[in-house]
Amino acid sequence: MNIESHVCNYFWGDVAKDFFWKSKHTGQFLDYNFDVTKGKVYIKCMEGAITNICYNVLDRNVHDKKMGDKVAFFWEGNEPGDELKVTYRELLKQVCKMANVLKSLGVKKGDRISIYMPMVVELVVAMLACARIGAVHSIVFAGFSAESLCERILDSQCSLLITADGFYRGDKLINLKMIADDALEKCTEKNFSVQKCIMLKHLSKDGSLLPEGSQSPPAKRACSDLQVRAIKQVPWNPEVDLCWHTLMEEASDECEPEWCQSEDPLFILYTSGSTGKPKGVLHTVSGYMLYTASTFKYVFDHQPDDVYWCTADIGWITGHSYITYGPLANGATSVLFEGLPTYPDVSRMWEIVDKYQVTKFYTAPTAIRLLMKYGSGPVQKFTRRSLKVLGTVGEPINPEAWLWYYNVVGEKRCPVVDTFWQTETGGHVLTPLPAATPMKPGSAAFPFFGVVPAILNESGEELEGPNEGYLVFKQPWPGVMRTVYGNHERFETTYFKKFPGYYVTGDGCRRDKDGYLWITGRIDDMLNVSGHLLSTAEVESALVEHEAVAEAAVVSHPHPVKGESLYCFITLKDGFDYTISLEAQLKKQVREKIGAIATPDYMQNAPGLPKTRSGKIMRRVLRKIARNERDLGDVSTLADCTVIEQLFQNRCNTA
């Protein structure tokens, strides 16, 4: 073992001392193989150790650290004035109750539980209840379609679904239970039945839809007659559906945790894959706990009196790591926000910052670019004096947005931590540290402790000094994913086959003369839309399911707010005409198959696509056409050059 590994093991061993272990680990801290030519790829952290992550983020804070009365979450609803305060003691009781509910329904250690909920405290309760009894949670973003939910339930063979009746996203009502029921029906059609569905009544007082005697919370907002009718139409199947409130009322608030091995699975979270089929990224207990706790502590310079706010959704990895597990492991007080940054007006975020005296603020470049459009006025309506550190997550931030964030939001006094990481990495891997790293607008700066990046050329050779190429990592860190659920071969092929001995991120990277790292974007067929990774193959697959579509190709197009948007080239079958109505149908189909986040911004008629003689679509050329760039480079391998001019003539006005 080299000196670097010894130092790394000492650091993480020291971090581990802050946590409770039923049994200590017996072997080396980290054991791994990244080289597919030498056998199976594996990562093991603290093998032999036994613990429970829920115990460490709740019981340890309530009982050992005497923080029971400290606020864990200030919940801020979609509507201003709709709020809730939850202490660590209250959260622990609710989690124990739900853990007992799950056990009473036959849920055991290792069972997979699907969670499809809005941004409510009960979502945190559900995921921690799973962790408490050793069940594996699989959270699906509440903006995804029934098809997407069904696909994820099937892949991980979930025995139970936890959802809600619905929620508001701004002024839009989302009938979540209806979507969930549609997903369960699709599962049944594919010969898989989810045994039970627990529904949280989040929207209205009306208990007519629920079993007799059930309790419901107060209404979240006044509903129009049309919306009330929509809520009342929430279907109820007594054979499958169970009421959250009734179950919780009858459950005990004490539940002994299930003690787990260090490498037992904690959760599965699906991320888009370049093949079109989402990958179930699997994270395990101990390494993930240590990594999210330490990155949260150091990257945000966490102090005991902080009020921290991450604006992400828990349906994404940012919400897992930096709303739930990382902050709670540090005994932090967080804001949990259900709404939108522009509802009911564009000052909402800064109003919340002042309301709760937020000190550490973590958001996406997409949100920053969106709010930039409205100028500094809405920001300056509020003082924001409490802010001390600003963070960004989800995609590389452009220097213009970074400077606006630093100058206007932070008033040039708050360091900006621009964090680079992935669902797969579990936590921050490249990041500045506040007040310790000189800032460069748009740079992800340097690796976190124990992370060893490299930049490779196409031949797999490491590049030194200022250079640009593939971003890879040479060794694991505790929080890195362990496998693709149910498909270890895909795990090895996706992340380790291209360059044996390295974890391949799929991102390009540039190192400047000062050693700072700059993420240049995806190298594979993936798009980063509003900080969410989408597969071009997945969108193309949704498009070609339409009876009129013979072929589709999807590429990225720059977007001033979302960073990237979807530009689609559509080739129709004979006998069909390209119309505005057809475009609307295709967009609707993508929304239904994947979710609103994947709705294309641009579509154009493409009677022919640029292909090589072997039939491969030249996406490089399509990206140029989408951007209206005439310098196409070498097109000598094109089978038919005449399609190029026709595609330029048909291109959408993207100005």
Ser145 side chain to Glu592 backbone, donor-acceptor under 3.5 Å: yes
Side-chain (Ser148) to main-chain (Ile594) donor-acceptor, under 3.5 angstrom: yes
Check: Leu430 and Thr419 side chains under 4.5 Å, non-hydrogen atoms: no
All pairs passing salt bridge (charged side-chain N to carboxylate O under 4.0 Å, His left out) where residues 428-447 contributes a residue, at least two apart: Lys440-Asp512, Lys440-Asp514
Gap between atom CD of Gln422 and atom OG1 of Thr271 - 0.5 Å precision: 8.5 Å
Evaluation steps, side chain to side chain contact (heavy atoms under 4.5 Å, CB included), between His559 and Glu564: CA-CA 5 Å; His559 190 282; Glu564 288 185 300; 5.9 Å; no
Backbone N/O of Val124 and side chain of Thr324: donor-acceptor pair under 3.5 Å: no
Validation row: Pro415, Pro432 side chains within 4.5 angstrom (heavy atoms): no
His302 and Tyr362 aromatic centres sub-6.0 Å: no
Sidechain-backbone polar pair: Thr437 side chain, Leu433 backbone, donor-acceptor under 3.5 Å: yes
Ring centres under 6.0 angstrom apart (His320, Phe267): yes
Cys414 vs Val389 side-chain heavy atoms within contact, under 4.5 Å: no
Exam field: side chain Tyr405 to backbone Pro365, donor-acceptor pair closer than 3.5 Å: no
Side chain to side chain contact (heavy atoms under 4.5 Å, CB included) between Gln585 and Lys588, worked out: CA-CA 5 Å; Gln585 290 175 38; Lys588 181 172 182 283; 5.7 Å; no
Check: Tyr356 and Thr333 side chains under 4.5 Å, non-hydrogen atoms: no
Rounded distance (nearest 0.5 Å) linking atom CE of Met127 with atom CE of Met98: 14.0 Å
Over 12 non-hydrogen atoms of neighbours within 6.0 angstrom of NZ in Lys97: yes
Spacing of CG belonging to Asp18 relative to CG belonging to Asn56, to within rounding of 0.5 Å: 10.0 Å
CA sep, side-chain torsions, deciding dist, call: Val121, Leu336, side chain to side chain contact (heavy atoms under 4.5 Å, CB included): CA-CA 8 Å; Val121 174; Leu336 185 65; 4.0 Å; yes
Heavy-atom closest contact (Asp301 atom, Lys360 atom, distance): O-NZ, 2.7 Å
Non-hydrogen atoms of Thr163 and Cys197 that approach each other most closely: CG2-SG, 3.7 Å
Validation row, ring centre His428 to ring centre Phe300 under 6.0 Å: yes
Exam field: side chain Arg152 to backbone Ile139, donor-acceptor pair closer than 3.5 Å: no
Side-chain (Ser386) to main-chain (Val358) donor-acceptor, under 3.5 angstrom: yes
Met178 CE to Asp182 CG distance, which is reported to the nearest 0.5 Å: 9.0 Å
Residues, nucleotides or ligands: over 12 heavy atoms within 6.0 Å of Lys85 NZ: no
Over all atoms of both residues, closest heavy-atom pair of Asn330 and Ala293: ND2-O, 2.9 Å
Contact summary for Pro327 and Tyr88, nearest pair of heavy atoms: O-OH, 4.0 Å
Listed once per pair and sorted, the salt bridge (charged side-chain N to carboxylate O under 4.0 Å, His left out) pairs that draw on residues 347-358, sequence neighbours left out: Glu76-Arg348, Glu76-Lys355, Glu83-Lys355
Donor-acceptor pair, side chain of Asp165 and main chain of His202, under 3.5 angstrom: yes
Distance-only side-chain donor-acceptor flag, Glu338 / Tyr168, under 3.5 Å: no
Ser294 side-chain N/O to Tyr291 backbone N/O, donor-acceptor pair under 3.5 Å: yes
Flag side-chain contact, heavy atom, 4.5 Å: Leu128 against Leu58: yes
Spacing of Ile115 atom CD1 and Leu161 atom CG [to the nearest 0.5 Å]: 9.0 Å
Note, Val120 side chain near Trp75 side chain (heavy atom, < 4.5 Å): yes
From CA spacing to verdict: side chain to side chain contact (heavy atoms under 4.5 Å, CB included), Phe446, Leu517: CA-CA 6 Å; Phe446 300 108; Leu517 298 171; 5.9 Å; no
His283 and Tyr288 aromatic ring geometry - parallel, tilted or perpendicular at 30°/60° bounds: tilted
Show me, pair by pair, the donor-acceptor contacts under 3.5 angstrom made by side chains of residues 308-315, not counting sequence neighbours?
residue: Tyr308; atom: OH; partner: Tyr322; partner atom: O; Å: 2.6
residue: Thr311; atom: OG1; partner: Thr363; partner atom: OG1; Å: 2.8
residue: Asp313; atom: OD1; partner: Gly315; partner atom: N; Å: 2.7

With sequence neighbours excluded, residues passing side chain to side chain contact (heavy atoms under 4.5 Å, CB included) with Gln589: Glu545, His546, Lys593
Qualifying salt bridge (charged side-chain N to carboxylate O under 4.0 Å, His left out) pairs with a residue from residues 402-415, counting only residues at least two apart or across chains: Arg384-Glu411, Glu411-Arg413
Single hit among Glu79, Lys172, Arg169 for side-chain hydrogen bond (donor to acceptor under 3.5 Å, both in side chains) with Tyr343: Glu79
Close side-chain approach of Tyr325 to Phe296, heavy-atom, < 4.5 Å: no
Where Val555 and Ala626 come nearest, the two heavy atoms and their spacing: CG2-CB, 4.1 Å
Within-4.5 Å side-chain heavy-atom neighbours: Gln94 and Met248: yes
Main-chain N/O of Ala332 paired to Lys70 side chain as donor or acceptor, under 3.5 Å: no
Verdict with reasoning, Glu151 to Tyr270, per side-chain hydrogen bond (donor to acceptor under 3.5 Å, both in side chains): CA-CA 10 Å; Glu151 186 174 29; Tyr270 286 86; over 6 Å; no
Interatomic distance, Asp345 atom CG to Tyr374 atom OH [nearest 0.5 angstrom]: 10.5 Å
Aromatic plane relationship, Phe141 with Phe144 - under 30° parallel, 30 to 60° tilted, over 60° perpendicular: perpendicular
Pairs where residues 385-405 contributes a residue and the test salt bridge (charged side-chain N to carboxylate O under 4.0 Å, His left out) is met, not counting sequence neighbours: Arg369-Glu395
Heavy-atom pair with the smallest gap, counting every atom of Leu176 and Ala164: CB-O, 3.5 Å
